[in-house]
Amino acid sequence: MHLFPQLRKLEDKYPDSLVVLGVHSAKYTTEKDTDNIRSAVLRYDIRHPVVNDADFKVWKDWGIRAWPTIMFIDPRGNVIGKHEGELAYEEFDRLIGDMTGEFSRVELIDPTPLPYQLEAAKEAARPLAYPGKIEVDSDAGRLFIADSNHNRVLITDLDGRVQDIIGSGEIGREDGAFEAASMWRPQGMAIDGDTVYIADAENHLVRRADLSARTLTTIAGTGEQSLIRHRGGDPLTNPLNSPYDLALHDGVLYSAQAGFHQIWAHDLERNRIRRYAGNGRENIVDGALADAELAQTYGLQVLDGTLYFADSETSSVRTAGTGEDARVHTLVGTGLFDFGDSDDVWTAAKLQHVQGVAIGDGVLYLADSYNHKIKRLDLSTGIVVTIAGSGERGMDDGLAHDASFDEPAGVAFAEGRVYVADTNNNLVRVIDLDAETVSTLELTGLRGAP
């Protein structure tokens, strides 16, 4: 996903010479579904053709070993280079520029555009576009919905009546009044009264919204993705890497830095930021905070001084303490390639690319994204059970176990209800825990919001 913005810039810069073809060789079972791939193409604004390599034929024939791998092909169809892993834009640009110049001189480039229709052209406008995360302010009776692909955060009451909108909807990183400020695919949030902290994921920033003044400001990050793991210090001079969720505890703002495979801590009073947990290697290894290994942390919550987080690439739920001698401990999950759909106890349970966690009444609610389910983890017994979702992709309301979701990514709890950011359905769903039903939240007043 980190390559997509770079590819977009290169496609715009070299429209007459560069053709990008994406090959999707899926790790997870649900990612092999062509409809799911189409949703990902729309969500990440991919503007080139994508092949569904569900059986790994292209992967094997081309000798691929790692995600991502970039193959460079000349106008004659010959492979002239290969790169495994992420690549800095400057290096990418220099390679494409040199090749464009060389093949233009020998008149091998045909600038005729390739005709194909973008998936986005088939889509109708809708109130929400791939909502990623959702948070509840129980004291004020408010929902905060990360309307990610509209690049804004909606503030509603618990019944869906829109009260305000943070962000103009334009892609950017401008600070200022809500109407003029801009974000790029915002994700998780943390609420402190009339202050809302926002993980501005694609901008690699953390933002602070003042609900009283109706202003948005940047408090961490430079706006550029960091490809190295910094030691920390001044939050505004340390580049971040895909902050996906936030949690606030005792004046420290914790951020799930998915691209770093780490959790970072921002002391708001001292205004200093540092790595908190994870050595940066992608895996599932427990132990001391500095030595533990995480894997694409997407969801983050705090309860009684303990951080609970979802590591998506290991389909795991884990904890990290915030006191002295704190350690990382795994509750559910066993390995980078271990996933499934099994309700069981502690590490005997299986999830598939879990992305969201919420805390309510002493249990964890989990967005088991690729199983299209919402599950509950009892923190006293370790029992994991499905509370909603048949496991089939869809958008059916009704009895909780018959209802259907499509890659839900965010969950929040309030007053006996679980609110779900049902990402690929572009909806917010509501699970009534007492009635054991699922309904769709109707957003009202969106046009008239400030």
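As the structure is a prediction and not an experimental result, all values here were calculated from the model.
- Both cation-pi conditions hold for R429 and F405: the charged atom is under 6.0 angstrom from the six-membered ring centre and inside a 45 degree cone around its axis.
- Residues passing the salt bridge (charged side-chain N to carboxylate O under 4.0 Å, His left out) test with R185, sequence neighbours excluded: E202.
- There is a side-chain donor-acceptor pair under 3.5 Å between T30 and H372.
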request  = Walk me through it: do D267 and R272 pass the test salt bridge (charged side-chain N to carboxylate O under 4.0 Å, His left out)?
outcome  = CA-CA 5 Å; D267 186 318; R272 308 298 287 175; over 6 Å; no
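- For the 3.5 Å distance criterion, the side chains of Y28 and D33 fail to qualify, holding no donor opposite an acceptor.
- Within 6.0 Å of CG in D234 there are more than 12 heavy atoms belonging to other residues, nucleotides or ligands.
- When all heavy atoms of A209 and I198 are compared, the pair lying nearest together is CB-CD1, 4.3 Å.
- A salt bridge between D378 and R376 is absent, with no side-chain N of the basic residue lying under 4.0 Å from a carboxylate O of the acidic one.
- Ionic pairing of D286 and R318 is present here: one or more N-O contacts between side-chain nitrogen and carboxylate oxygen are shorter than 4.0 angstrom.
- With rounding to the nearest 0.5 Å, the separation of NE2 in H24 from OG1 in T34 is 9.5 Å.
- Under a 4.0 Å N-O distance rule, the pair E179/R214 qualifies as a salt bridge.
- At a threshold of 4.5 Å between non-hydrogen side-chain atoms, the residues N283 and L336 count as touching.
- No side-chain N or O of N241 forms a donor-acceptor pair with one of Q257 less than 3.5 Å apart.
- By the 30° and 60° cut-offs, the orientation of the rings of F4 relative to Y44 is tilted.
- Between D200 and R173, none of the side-chain N atoms (NZ, or NE/NH1/NH2) sits under 4.0 Å from a carboxylate O, so this pair counts as no salt bridge.
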request  = Give the intermediate values and the outcome of salt bridge (charged side-chain N to carboxylate O under 4.0 Å, His left out) for residues D210 and R208.
outcome  = CA-CA 7 Å; D210 184 324; R208 178 171 54 210; over 6 Å; no
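- Inter-residue side-chain proximity for D325 and R327 is flagged as unmet; no heavy-atom pair is nearer than 4.5 Å.
- Taking every heavy atom of both residues into account, A247 and L307 meet most closely at CB-CD2, 4.3 Å.
- In this structure the side chain of N279 reaches within 4.5 angstrom of the side chain of E293, judged on heavy atoms.
- Donor-acceptor pairing under 3.5 Å is lacking for the side chains of R274 and N238.
- Exactly one of E90, Q225, E91 qualifies for a side-chain contact (heavy atoms from CB on, under 4.5 Å) with Q6. That residue is Q225.
- Looking at D164 and R142, no side-chain N of the basic residue comes within less than 4.0 Å of a carboxylate O on the acidic one, giving no salt bridge.
- Using a cut-off of 4.0 Å between Lys/Arg side-chain N and Asp/Glu carboxylate O, D147 and R152 are scored as salt-bridged.
- In summary, the side chains of N271 and H266 do present a donor paired with an acceptor at a separation below 3.5 Å, with no hydrogens or angles considered.
- With sequence neighbours left out, D175 forms a salt bridge (charged side-chain N to carboxylate O under 4.0 Å, His left out) with R207.
- A donor atom on one side chain and an acceptor atom on the other are found under 3.5 Å apart for E135 and Q301.
- Between A146 and P186, the closest heavy-atom pair is CB-O, 3.6 Å.
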